[in-house]
Amino acid sequence: SVIREILKVTARPEVISFAGGLPSDASFPVAQLKKAFEKVLAETPQAALQYSTTDGYAPLREWVAAEKSKSGATIKPEQVIIVSGSQQALDLIGKVFINEGDKVLVEAPTYLGALQAFDLFFPKYVSLPSDEDGLDAEQITAEHAQCAKFLYALPNFQNPTGRLMTEARRQALVAKARELNLLVIEDDPYGELWYTSAPPPSLLSRMPERVIQMGSFSKILAPGLRLGYIVAPEEIARKFEQVKQATDLHTATLTQRAVYEVVKDGFLNEHIPTIRSMYHTQAQAMLSALDEHMPTGVKWNQPAGGMFLWLELPEGMDSEEMLKKALARNVAYVPGTPFYANEPVRNTLRLAFVTVPEEKIRAGVKVLGEVFDG
Ligand code: PMP
């Protein structure tokens, strides 16, 4: 409901919004997509407009499998299910794994959209501690893991915090998952959006037998395509296929074929670096504005990629209360509270910075600085 209230306000053009989770529309490769849709409709119109298989367009599944195999583990096309946005993967995960009262392990904080998807199946969440270096697996106990259906983790430039899980933390998580027999969901829509150096290898590449990875074309092409994928151990992939069939039969045939046309000859190798550099510039503008305008006692991280950063107000301050004052002065953000499955940390908030022009970033952060200064 907080989010709905914010969205009402951010629809007004005078509002500077750091609240949205949208990628920059300046990054959408319109010409390439237009060409690809035209080509598919010209060359294979019947197949592109017909019903198709639930697991997805075979060449696209092969492409995903080949991409994922580059970082070590061999991933077979049979392990890949194409989904209608990775948000659908979260729904399918809920349908396959969660019965009412089942235990699910999540980071604190975690992606709000995952909580919304899982909530429909009434799990019992256990929140795991995380900090600047990402999820702290050392603190996962046998009691946490007992009967847990899975652990949901976001190692790369997490939504909401922008945090990157370090190499040491990844190793610790792999060791812990093996020791406690945990299934891990690795949600990775932002991994390609690093600014100066690539993240450490994925959890999937380290333990493909117990990782379900979700990926998306939303942040590297465009979210309106509604195209993503799940990579899972084969027997789990078949369960997703079954449940997806009941959900929507299959993901849009035309879109899958067009996106395959766009990615098949390496277009992303030239396209993604342009997004990285655009977002890096935006992040630098946000960081320098924060340096200039935030009062002492306010802390924030230095994201190494992605679209978000996480701000911590002085102890005792409530970011939801502060939001009312910020909105009254036409600046929006998302308070930290909805990103916590259990006990919220009330003095935190998320700032999204990739869609706001630089001069508005400066103006908006100046207002926030004054609001947080009381
Ligand atoms: N996971 C995370 C962490 C996200 O931030 C998002 C988009 N905001 C999604 C999944 C869903 O993305 P999509 O359905 O567009 O692939």
Side-chain angles (χ1 to χ4, degrees), residues 3 6-7 10 17-25 27-28 33 56 60 64 80-95 104 106-120 130 134-135 150-165 184-194 199 202-204 211-232 240 244 247-248 251-252 255-256 259 263 268 272 275 279 303 305-310 334 336 338-341 350-355:
I3 306 270
I6 298 168
L7 289 179
T10 55
S17 177
F18 303 121
L22 310 183
S24 167
D25 54 19
S27 74
F28 301 162
L33 284 164
L60 186 60
V64 171
V80 179
I81 305 287
I82 304 296
V83 289
S84 307
S86 63
Q87 189 66 30
Q88 182 178 56
L90 294 165
D91 176 57
L92 300 181
I93 288 164
K95 285 174 175 162
V104 165
V106 294
E107 296 171 83
T110 190
Y111 171 48
L112 170 62
L115 296 177
Q116 289 171 328
F118 300 156
D119 278 353
L120 299 175
S130 98
L135 172 66
F150 57 79
L151 185 168
Y152 171 69
L154 301 112
N156 293 330
F157 318 124
Q158 193 219 36
N159 184 359
T161 60
R163 289 169 182 163
L164 175 69
M165 193 189 284
V184 178
I185 314 280
E186 178 176 40
D187 188 359
D188 187 26
Y190 303 106
E192 290 289 345
L193 306 183
W194 46 267
S202 67
L203 303 175
L204 177 75
V211 170
I212 296 171
Q213 191 189 64
M214 308 158 38
S216 177
F217 292 97
S218 290
K219 312 299 178 345
I220 53 174
L221 289 178
L225 295 164
R226 307 310 304 129
L227 199 64
Y229 53 85
I230 316 181
V231 181
F240 286 134
K244 181 172 164 64
T247 302
D248 67 348
T251 294
T255 309
Q256 293 189 67
V259 165
V263 301
L268 290 177
I272 294 175
I275 311 176
Y279 287 8
M307 315 191 328
F308 308 108
L309 67 74
W310 194 239
V334 185
F339 300 104
Y340 291 90
R350 186 189 77 177
L351 295 177
F353 48 76
V354 302
T355 55

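Heavy atoms only: backbone and side chains are in, while hydrogens, waters and symmetry mates are out. In this text the structure is predicted, and so the values were computed from the model without any measurement. If you read the sequence from its start, that first residue is 1, and numbering goes on from there. Each ligand, and each atom within it, is numbered from 1 in the order the structure gives.
Taking each heavy atom of Arg350 and Pro160 in turn, the nearest pair found is CG-O, 3.2 Å.
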| Going through the distances and angles, do Tyr152 and Tyr111 end up as a ring-ring contact (aromatic ring centres under 6.0 Å, His included)? | CA-CA 9 Å; Tyr152 171 69; Tyr111 171 48; 7.2 Å; no
| task | Could you walk me through whether Phe240 and Tyr229 pass the ring-ring contact (aromatic ring centres under 6.0 Å, His included) test, one step at a time? | result | CA-CA 11 Å; Phe240 286 134; Tyr229 53 85; over 10 Å; no
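The aromatic ring centres of Phe308 and Tyr190 sit less than 6.0 Å apart.
In this structure, Tyr340 and Trp310 have tilted ring planes: the angle between them lies in the 30° to 60° band.
For ligand 1, the protein residues placed under 4.0 Å by at least one non-hydrogen atom are Gly85, Ser86, Gln87, Tyr111, Leu154, Asn159, Asp187, Pro189, Tyr190, Ser216, Ser218, Lys219, Arg226.
Using a 3.5 Å distance cut-off with no hydrogens or angles, the side chains of Glu186 and Asn156 do not pair a donor with an acceptor.
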